[in-house]
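First listed ligand is number 1; within each ligand, the first listed atom is number 1. What you see is a predicted model, and the numbers here were worked out from it, not measured in a lab.
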Amino acid sequence: MLETIEVPRPEPRAGHVVVRLGATSVNPVDCKLRSGAVTFLGEPPFTLGFDLSGTVVDVGDGVTEFRSGDEVFGMVHSRTGTYSEYVLARAGSLAPRPANVDHHTAAALPTAALTARQALDLAKVVAGERVLIHAAAGGVGHLAVQLAVLRGARVICTARAANHEFLRDLGADEVIDYTATDFTTAVRDVDVVLDLVGGDYGSRSLRVLRPDGRYVTAQQSDAGEDPRVALVTGAPSPAQLAEIGELVGAGRVRVHIDQAIPLAQAGKAHELSESGRVRGKLVLTPW
Ligand SMILES: NC(=O)c1ccc[n+]([C@@H]2O[C@H](COP(=O)([O-])OP(=O)(O)OC[C@H]3O[C@@H](n4cnc5c(N)ncnc54)[C@H](OP(=O)(O)O)[C@@H]3O)[C@@H](O)[C@H]2O)c1
């Protein structure tokens with residue numbers, strides 16, 4: 001259950017800053033934590049949210065990276081999450097927000113872009129390789145498509161027909177409508193699969209992978225013990241986030257915001273996320 005409550009503004013702990021929220025964003029894991037499908041934050045009540053963009057308003061002891069007034073974005077993993085007007089964040093998990101990247105765009109990035117980037121790193125994607133991306137139109141997927149294209153990969157996507165033009169605009173070479181065509185009949189011998197769906201997409205993906213290919217999944221799947229299989233867990237990395245922020249600021253990576261919704265309507269945002277039909281990212285705003 002989601003509930004809006006009044007709490008005191010957090011005090012800055014050592015190594016932490018307090019950030020006034022500019023925007024946060026919804027990740028599917030937020031909905032899974034709300035429903036109890038995943039429990040890694042412990043027993044409720046806790047504040048949801050991992051992504052933030054905002055302004056530093058208080059600095060704890062030992063923080064040298066930031067001062068009050070600095071614009072930052074990043075990933076916060078704690079029970080005092082980012083669906084909040086003021087957020088306590090570890091200074092070491094934040095990066096400076098580029099001046100030409102607005103709060104909505106910056107808040108959409110941390111979990112999705114870091115997961116996309118770290119998945120491509122894990123798969124060691126290099127120029128010329130064919131990369132199949134499942135759920136390419138979503139938050140992680142649409143960024144993974146662009147980051148893979150920047151590495152010189154040829155990108156094949158699974159998505160509904162309504163998202164094909166969107167994905168081709170982002171640089172996808174081929175798009176498979178998974179509602180009409182079984183991808184295992186449409187593609188073969190790919191170098192890398194990035195699976196953002198999971199379940200039986202695991203074993204099916206292994207069937208279209210080269211013998212020396214790599215399958216990286218962000219979701220539990222039935223791919224089993226195959227040595228080509230790896231699970232990615234998006235982790236905070238201010239250095240990688242700063243690089244991604246620069247790419248976005250330079251217009252080399254585009255962030256698609258499906259909708260920006262006030263935090264007070266987070267329940268509506270969760271319903272949309274759980275529909276599985278969000279294109280790009282859902283952003284939450286504090287006003
Ligand atoms: N392990 C980690 O650290 C980590 C980090 C981030 C995310 N994840 C997980 O990765 C998954 C994707 O995250 P996300 O934020 O990108 O989710 P998302 O934004 O909610 O993904 C929505 C997209 O999924 C697509 N989709 C749904 N079912 C599909 C299917 N069967 N085949 C192809 N596309 C499908 C939809 O496109 P269409 O409308 O075209 O179907 C929609 O655009 C989630 O399960 C999330 O929990 C894991």
Side-chain angles (χ1 to χ4, degrees), residues 24-35 37-38 40 48-51 75 77 107-123 132-148 155-170 172 174-184 186-187 193-202 204-205 208 215-223 229-237 240-241 255-259 261 269-284:
T24 178
S25 76
V26 178
N27 292 291
V29 70
D30 302 350
C31 304
K32 297 172 194 169
L33 283 161
R34 188 210 70 235
S35 71
V38 297
F40 61 81
L48 289 170
F50 295 102
D51 296 336
M75 196 198 247
H77 268 212
L109 282 169
T111 300
L114 289 171
T115 303
R117 154 79 196 258
Q118 290 165 14
L120 297 173
D121 284 350
L122 199 55
L132 171 62
I133 301 179
H134 295 308
V140 179
H142 86 296
L143 297 168
V145 168
Q146 298 174 77
L147 294 175
V155 177
I156 307 157
C157 299
T158 56
R160 283 179 306 132
N163 282 322
H164 287 197
E165 193 181 329
F166 168 66
L167 290 166
R168 286 191 191 283
D169 277 353
L170 297 181
E174 288 177 51
V175 195
I176 300 165
D177 178 2
Y178 67 90
T179 67
T181 305
D182 177 349
F183 72 85
T184 63
V187 63
V193 177
L194 172 51
D195 185 3
L196 303 168
V197 177
D200 74 350
Y201 271 54
R204 292 167 66 209
S205 293
V208 305
Y215 165 87
V216 174
T217 182
Q219 268 285 39
Q220 291 303 326
S221 85
D222 68 352
V229 172
L231 180 69
V232 66
T233 304
S237 167
Q240 291 179 357
L241 205 51
V255 178
H256 181 84
I257 310 283
D258 188 306
Q259 286 188 52
I261 296 171
H270 276 211
E271 276 175 30
L272 285 169
S273 177
E274 288 171 317
S275 75
R277 290 288 167 265
V278 171
R279 178 189 283 181
K281 290 287 298 181
L282 286 175
V283 163
L284 295 173

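Considering both main-chain and side-chain atoms, Arg160 comes within under 3.5 Å of ligand 1 through a nitrogen or oxygen pair. Between Asn163 and ligand 1, at least one N/O pair is under 3.5 Å apart. Note: no N/O pair closer than 3.5 Å links Ser273 and ligand 1 by distance alone. The distance criterion of under 3.5 Å between nitrogen or oxygen atoms is met by Gly139 with respect to ligand 1. At least one N/O-N/O distance between Ala218 and ligand 1 falls below 3.5 Å. At a 3.5 angstrom cut-off on N or O pairs, Tyr178 counts as close to ligand 1. Residue-to-ligand polar distances keep Thr233 apart from ligand 1: every N/O pair is separated by 3.5 Å or more. Below 3.5 Å of separation, one finds an N or O of Gln219 facing an N or O of ligand 1.
Atoms of ligand 1 found under 4.0 Å from any heavy atom of Thr158 (numbered from 1 in listed order, with element): 33 (C), 34 (N). For ligand 1 and Ala159, the ligand atoms under 4.0 Å from any heavy atom of the residue are 40 (O). For ligand 1, the atoms closer than 4.0 angstrom to any heavy atom of Ala135 are 24 (O), 25 (C), 26 (N), 33 (C), 34 (N), 35 (C). Within ligand 1, counting atoms from 1 as listed, the ones closer than 4.0 Å to a heavy atom of Gly138 are 16 (O), 19 (O), 21 (O), 22 (C), 23 (C), 43 (O). Atoms of ligand 1 found under 4.0 Å from any heavy atom of Gly234 (numbered from 1 in listed order, with element): 2 (C), 3 (O). Taking every non-hydrogen atom of Leu196 and a distance limit under 4.0 Å, the qualifying atoms of ligand 1 come out as 11 (C), 12 (C).
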Residues Tyr215, Ser221; criterion side chain to side chain donor-acceptor pair (under 3.5 Å); working and verdict
CA-CA 11 Å; Tyr215 165 87; Ser221 85; 3.0 Å; yes
Does Arg34 form a salt bridge (charged side-chain N to carboxylate O under 4.0 Å, His left out) with Asp30? I'd like the steps, not just the answer.
CA-CA 6 Å; Arg34 188 210 70 235; Asp30 302 350; over 6 Å; no
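The proximity of Lys281 to ligand 1, defined as any non-hydrogen pair under 4.0 Å, does not occur for either the backbone or the side chain. When heavy-atom distances to ligand 1 are checked against a 4.0 Å cut-off, Val232 comes that close only through its backbone atoms N, CA, C and O. Contact annotation: for Thr115 versus ligand 1, heavy atoms closer than 4.0 Å belong to the side chain alone. Contacts of Val278 with ligand 1, taken as heavy-atom pairs under 4.0 Å, involve the backbone alone.
In this structure, Asp258 contributes its side chain and Arg279 its backbone to a donor-acceptor pair below 3.5 Å. A donor-acceptor pair under 3.5 Å is formed between the side chain of Thr24 and the backbone N or O of Asp51.
Here the closest heavy-atom approach between residue Leu241 and residue Pro110 is recorded as CD1-CA, 3.8 Å.
The shortest side-chain heavy-atom distance between His134 and Phe183 falls under the 4.5 Å cut-off.
Heavy atoms of Ala112 stay at 4.0 angstrom or farther from ligand 1. Using a non-hydrogen distance threshold of 4.0 Å, His142 does not register as a contact of ligand 1.
Every residue meeting the salt bridge (Lys or Arg N to Asp or Glu O under 4.0 Å) condition with Asp182, not counting sequence neighbours, appears here in chain and number order: Arg204.
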Identify each donor-acceptor pair in which a side-chain atom of residues 138-146 lies under 3.5 Å from a protein atom, sequence neighbours left out, and give them as a table.
{"unit_1": "His142", "atom_1": "ND1", "unit_2": "Gly138", "atom_2": "O", "d": "3.0"}
{"unit_1": "His142", "atom_1": "ND1", "unit_2": "Gly139", "atom_2": "O", "d": "3.0"}
{"unit_1": "His142", "atom_1": "NE2", "unit_2": "His256", "atom_2": "N", "d": "3.0"}
{"unit_1": "Gln146", "atom_1": "OE1", "unit_2": "Arg254", "atom_2": "N", "d": "2.6"}
{"unit_1": "Gln146", "atom_1": "NE2", "unit_2": "His142", "atom_2": "O", "d": "2.9"}
{"unit_1": "Gln146", "atom_1": "NE2", "unit_2": "Arg254", "atom_2": "O", "d": "2.8"}

